[in-house]
Amino acid sequence: MLAATNPEALQREKQKKRVGLKDLPNAQQGKVVLRFAPNPNGPLTLGHARGVSINSEYAKMYHGKVVLRFDDTDSKVKPPMPAAYDWIESDYEWLTGAKADIIIRASDRIPLYLDHAEQMLTGGFGYVCRCSAAAFKQLRDGKEACPCRPRSVEDNLIDWESMKEGNIAEGEAVVRVKTEMDLPNPALRDWPALRIQHSTHPMVGNRFKVWPLLDFQSAIEDHLQGVTHIIRGKDLMDSTRKQTILYSHFGWTYPETLYWGRVKVYEFGGFSTSGMRAEIENGVYSGWDDARLPTLRALRRRGFDATALRAFWIDLGLTQKDISVSLQTIEAFNAKEIDANCERRAFVRNPVSLELRTEMDESNPMDMISVPKHPDGKIEGARIWNLASQRILIEKQDAEIETIRLKDYADISNINGRATVQSWDRSDRRPIVHWIPENMARQAELSIPNGMKLHSVKGMIEDFELNIGQIIQLERVGFAKIESLADDLPVKLIWLHN
RNA sequence: GCUCGUGUGGUGUAGUUCGGUCCAUCAUGUCGCCCUCUCGAGGCGACGACCCGGGUUCAAAUCCCGGCACGAGCACCA
């Protein structure tokens, strides 16, 4: 019966998960222009990485471009940080493997915005408003137009010139975009486009007295750059609506707009750049690359891989849900990415020294052994261990077990600090432990970020071809990166993940 | 309060446009087993979800109505 009504239902296939990002609406190959527009008030964080990853991935899918735009039009509330421009450019490059196609700073382009503001005034779809913010809000909430609204273009232009000259004090005037005053959403009614700021901008000084607000600057610049698709947080949905009104005043077509929800990573909480900045200044954190911070610089320092990070964000995709993810998931992506490139080394925490009694005989005269750099042979070569000293180190915990197998070497019994070889081959199912010959061991300190704290684990590391910056997998411990190798000091390791 | 948005296993995601191929995908997680050599690795397996209530229909995760929950915006910040 089913066969008659719906033949295909008989041979149902398991469905597949779509891989990669959804198609962009109304996108043409080679013509897509996207943008990533951070505020340069610090380096990029894990949260920004979502924007960078998704925008650059779409650009790749459609052979389009990404505009990296610094939205630095406020020098009072969120003053830009001069060093952050370069940081962000290099963070972007690290993450995507290439520089952004176009890089611009809003603060370099103020005349363009002022010019459009003037067009708006001349065109009669904007006006200079001299009401106080509070007074305007009250009128707006009552759907009433403010007294400045019906003034003539000429009067507006006169005030506009005074604003630009610096003859009107901050807060005394603002340029508004005309909308319907009875719009259901009060946030949209005659929204402010430019305001007066007499403070000094760190990049361009005090050349300009009038500065555009984000909604205006961003709208004009998107048009100037030919942006076809905007991907932004859903907290900016009202921006889209405001800007759409402005676009129709100018006779432009608004770009396709997509949104994402808020992301929280359990281990880090939110990502407030200004919050981190304050904590760094207070000495709570050592710097932007402090291992406890969710900045890209900190993650990079710990050994997170850019490809893995991108893969993680692309897998999450673009949804409007507010989500909480675990760092563990990111770590799983990272482990998959780096495992094949990480050599293995032994790191013995809380080392206990044992005397190794081998009773060398014909069958096993070796005092040199070789252990693979990677268990699957994904990395060529071996680590050569010299057993001349006849003393070995194992972890205290492992020393409490009487019969163990020294990984890649021998089954032993451990009685009163004496390790006696029982068999070279694996003879039973005793636990396998990692170990190192004492003469191959070097002091090391592993630093493990754990929430707000930074734990330190001391131990001895296998001293075989260690290099600064190298990410290794400590056998039975996890991934770590070598931070420093000073001659007389313990090797410094920074923890990555399991 | 007003405006807007979102609800699929512990977490994240696919599927929702055009109802049947979905007793619902994949990843992560948890648990278990295996391992001729990392028991915090690797292999295998199991667990676990369509917010609720109605309606339309032969058939609803998918369409309609009504609830509920959560989130965001309502700055002369970005």
Side-chain angles (χ1 to χ4, degrees), chain A residues 1-2 5-19 22 37-41 70-80 106 129 131-134 136-137 140-141 170-176 183-189 191-197 210-211 213-215 217-218 233-241 259 261-263 266 273-274 311-312 315-317 319-326 328-333 335-336 339 344 346 371-372 375-376 405-411 425-426 429-434 473-479 497-498:
Chain A
M1 207 185 72
L2 186 59
T5 54
N6 188 11
E8 301 118 71
L10 288 177
Q11 2 149 322
R12 54 170 63 133
E13 283 165 31
K14 275 293 173 196
Q15 91 171 60
K16 288 274 188 324
K17 175 174 172 161
R18 193 205 69 237
V19 286
K22 281 190 183 100
N39 176 336
N41 62 349
F70 294 102
D71 279 349
D72 55 350
T73 57
D74 176 70
S75 48
K76 284 191 100 157
V77 185
K78 288 188 177 168
C129 171
C131 302
S132 71
F136 184 84
K137 181 177 161 50
R140 184 194 68 182
D141 290 346
E170 292 186 9
E172 300 284 296
V174 65
V175 175
R176 296 190 179 281
L183 253 22
N185 186 346
L188 312 185
R189 296 175 198 151
W191 55 273
L194 302 98
R195 79 333 202 161
I196 298 169
Q197 281 201 340
V210 179
W211 286 82
L213 269 331
L214 173 79
D215 289 323
Q217 176 271 129
S218 168
K234 65 175 184 178
D235 52 315
L236 260 26
M237 279 182 166
D238 284 350
S239 285
T240 301
R241 298 179 185 110
Y259 306 92
R262 221 178 151 65
V263 182
Y266 289 125
T273 305
S274 48
F312 166 76
D315 185 69
L316 283 202
T319 66
Q320 291 191 30
K321 280 202 278 187
D322 296 316
I323 55 174
S324 288
V325 295
S326 167
Q328 280 188 103
T329 308
I330 303 177
E331 292 172 349
F333 272 85
K336 201 170 294 170
D339 180 80
R344 312 290 131 131
V371 195
D376 309 333
R405 175 159 182 88
L406 301 178
K407 185 177 178 304
D408 295 311
Y409 189 57
D411 288 355
D425 294 321
R426 185 147 168 73
R429 297 182 54 187
R430 64 184 69 192
I432 297 166
V433 309
H434 64 295
Q473 192 196 95
L474 305 172
E475 287 175 340
R476 291 217 298 152
V477 178
F479 293 94
H497 50 70
N498 292 332

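Letters A, B, ... are given to chains in the order of the sequence lines, protein chains preceding strands, and every chain is numbered from 1. Keep in mind that the numbers below use all heavy atoms, side chains included, and drop hydrogens, waters and symmetry copies.
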How is [X] classified with respect to the nucleic acid when contacts are heavy atoms under 4.0 Å: base, sugar-phosphate, or nothing?
X      : result
A:F136 : nothing
A:G171 : base
A:P431 : nothing
A:E170 : nothing
A:K137 : sugar-phosphate
A:S132 : base

Look only at the side chain of [X] and the backbone of [Y], and say whether a donor-acceptor pair between them is shorter than 3.5 Å.
X      : Y      : value
A:D215 : A:S239 : no
A:R189 : A:R140 : yes
A:R476 : A:V433 : no
A:Q197 : A:S75  : yes

Over all atoms of both residues, closest heavy-atom pair of [X] and [Y]:
X      : Y      : value
A:T73  : A:Q217 : CG2-CG, 3.8 Å
A:R405 : A:R430 : N-CD, 3.6 Å
A:P40  : A:D71  : CD-O, 3.9 Å

Tell me whether the side-chain N or O atoms of [X] pair up with the base of [N] as donor and acceptor below 3.5 Å, since no angle test is needed here.
X      : N     : result
A:K78  : B:C77 : yes
A:N498 : B:G40 : yes
A:R426 : B:C37 : no

Protein-nucleotide distance ([X], atom [atom1]; [N], atom [atom2]), rounded to Å:
X      : N     : atom1 : atom2 : value
A:D72  : B:C77 : CG    : C1'   : 13 Å
A:N185 : B:G73 : CG    : P     : 13 Å
A:K321 : B:C70 : NZ    : P     : 16 Å
A:D315 : B:G15 : CG    : C1'   : 15 Å
A:R18  : B:C26 : CZ    : P     : 15 Å
A:F333 : B:C26 : CZ    : P     : 15 Å
A:I432 : B:C35 : CD1   : C1'   : 8 Å
A:F312 : B:G29 : CZ    : P     : 12 Å

Using atom [atom1] of each nucleotide, how far apart are [N] and [M] to the nearest Å?
N     : M     : atom1 : value
B:G9  : B:A24 : C1'   : 11 Å
B:G71 : B:G66 : P     : 24 Å
B:U8  : B:C4  : P     : 22 Å

> Of A:V477 and A:L236, whose nearest nucleotide on RNA chain B comes first from the 5' end?
Replying inline: A:V477
>> Quick check on RNA chain B: between A:T319 and A:R430, whose nearest nucleotide comes earlier from the 5' end?
In response: A:T319
Under 3.5 Å on both distances, the Watson-Crick or G-U partner of [N]:
N     : answer
B:G45 : B:C31
B:G9  : none
B:U3  : B:A72
B:A14 : none
B:G66 : B:C52
B:U36 : none
B:U21 : none

Among [options], the nucleotide that comes nearest once only the side chain of [X] is considered:
X      : options             : value
A:R429 : B:C37, B:G73, B:C35 : B:C35
A:N39  : B:C77, B:A78, B:U11 : B:A78
A:K234 : B:G5, B:C37, B:C76  : B:G5
A:A133 : B:G15, B:A78, B:C76 : B:C76
A:M237 : B:C4, B:A27, B:U13  : B:C4
A:A332 : B:U28, B:U6, B:A78  : B:U28

> Distance check: side-chain N/O of A:R195 vs OP1/OP2 of B:A78, anything under 4.0 Å?
Replying inline: yes
> So, are A:R262 and A:D235 salt-bridged, with charged N and O less than 4.0 Å apart?
Replying inline: no
